[in-house]
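Just below is one structure, and these are the notes that go with it.
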Amino acid sequence: DASLILIGDGPEYPRILSRAHDILGASRVTAYGTLGSAEIAAHIGDADVVMIPSLYESFSLAALEAQACGITVVGTLRGGMKEVVQDGVTGILVDPNAPAQMWADALHKAICLPNIRSLARQAAERFSEDRALDGYESIYQSKVTCERAGDTSTNTTSKGRRAMGRPSAVSIETRQRPSTLGTMAE
């Protein structure tokens, strides 16, 4: 017995809401429109699947948030979604212009994915603050090591990345981190 929670807004919102009412019936559709982060997180945690049918997606923070909650994602084969969702592992990716039956099949496949809660959380961890800071720290440390060794002629780090002119003001030893307003796991 499926139900739909519709969160967000946009030019297609009224048409999608009307179509959802036609297909599922008004009693099985809850539409919230635009919500704040805490409210969205509460609803994501209650979901079996989060569907993100974006036509354009630079980086899908919504997919990342869903995966951090251990929820599978059905999304599109566009933009950053492919970086966040591992097709067939942490979610299902569909061409955004695919017929409705392909989206329905993707939902069914997503619900049947094995070990989805742990795999989705692991996938989201790839984008965690700690992983990003470890990467930056490695770049800075490589540059500092090259400069201490007297090799200032190189333009790349040991990992082949373009090196910065001077190390950042970030303290490598203490790993001072900027304060954040919250995390996805809250």
Side-chain angles (χ1 to χ4, degrees), residues 1-94 96 98 100 102-134 177-186:
D1 214 18
S3 63
L4 174 69
I5 297 173
L6 187 60
I7 299 172
D9 201 358
E12 295 293 317
Y13 185 82
R15 186 182 67 77
I16 292 169
L17 181 57
S18 175
R19 182 89 168 131
H21 282 150
D22 291 345
I23 294 170
L24 295 173
S27 65
R28 293 177 31 198
V29 176
T30 305
Y32 291 103
T34 303
L35 295 176
S37 297
E39 295 166 305
I40 292 171
H43 290 295
I44 287 175
D46 292 337
D48 292 317
V49 175
V50 170
M51 180 182 267
I52 307 169
S54 304
L55 292 175
Y56 306 101
E57 194 74 46
S58 61
F59 179 81
S60 186
L61 184 58
L64 189 58
E65 290 170 333
Q67 289 180 334
C69 293
I71 308 300
T72 189
V73 174
V74 173
T76 60
L77 287 163
R78 296 277 172 96
M81 186 75 70
K82 295 180 289 191
E83 297 295 321
V84 176
V85 177
Q86 295 169 295
D87 191 25
V89 178
T90 63
I92 304 296
L93 298 176
V94 180
M102 287 186 75
W103 285 94
D105 292 346
L107 281 170
H108 183 264
K109 287 178 190 175
I111 290 169
C112 296
L113 287 174
N115 305 316
I116 188 59
R117 295 228 179 249
S118 63
L119 291 173
R121 286 187 184 106
Q122 288 172 12
E125 183 62 29
R126 294 181 307 147
F127 298 93
S128 73
E129 180 182 3
D130 284 339
R131 289 282 296 270
L133 288 171
D134 287 345
R177 296 177 180 196
S179 63
T180 58
L181 297 175
T183 65
M184 293 181 292
E186 289 183 336

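Numbers here are sequence positions counted from 1.
In this structure, A110 and V74 approach most closely via the heavy-atom pair CB-CG2, 3.6 Å. Between T72 and I116 the shortest heavy-atom distance is CB-CG1, 3.4 Å. The heavy-atom pair separating L17 from A31 by the smallest distance is CD1-CB, 3.6 Å. Contact record, P96 with L55: CB-CD2, 3.7 Å, taken as the closest heavy-atom pair. Shortest non-hydrogen contact noted between A26 and H21 is CA-CD2, 3.4 Å.
T90 contributes a side-chain N or O that, together with a main-chain N or O of Q86, makes up a donor-acceptor pair within less than 3.5 Å. Without hydrogens or angle criteria, T76 side chain to P53 main chain gives no donor-acceptor distance under 3.5 Å. Listed for the Q67 side chain is no donor-acceptor partner under 3.5 Å among the backbone atoms of L64.
A heavy-atom distance below 4.5 Å is not found between the side chains of I71 and D48. Residues V73 and I52 are in side-chain contact: their nearest non-hydrogen atoms beyond the backbone lie under 4.5 Å apart. Counting heavy atoms from C-beta on, the side chains of T34 and Y13 never come closer than 4.5 Å.
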Before you tell me yes or no, could you show the steps for V49 and I111 under side chain to side chain contact (heavy atoms under 4.5 Å, CB included), namely the whole-Å CA-CA distance, both residues' side-chain angles and the distance that decides it to 0.1 Å? CA-CA 7 Å; V49 175; I111 290 169; 3.6 Å; yes

Run the side chain to side chain contact (heavy atoms under 4.5 Å, CB included) check on L77 and V94 step by step: do they pass? CA-CA 6 Å; L77 287 163; V94 180; 5.9 Å; no

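Atom-to-atom distance recorded for R121:CZ and C69:SG is 7.5 Å, nearest 0.5 angstrom. H43 NE2 to Y32 OH: the interatomic distance, rounded to the nearest 0.5 Å, is 4.0 Å. Annotation: the span from L35 atom CG to I5 atom CD1 amounts to 10.0 Å, rounded to 0.5 Å. For the atom pair CG (L107) and CE (M51), the distance works out to 3.5 Å, reported to the nearest 0.5 Å. The distance from atom CZ of R28 to atom CD1 of I23, rounded to the nearest 0.5 Å, is 10.5 Å. In this structure, CG in D105 is found 9.0 Å from NE2 in H108, a value given to the nearest 0.5 Å.
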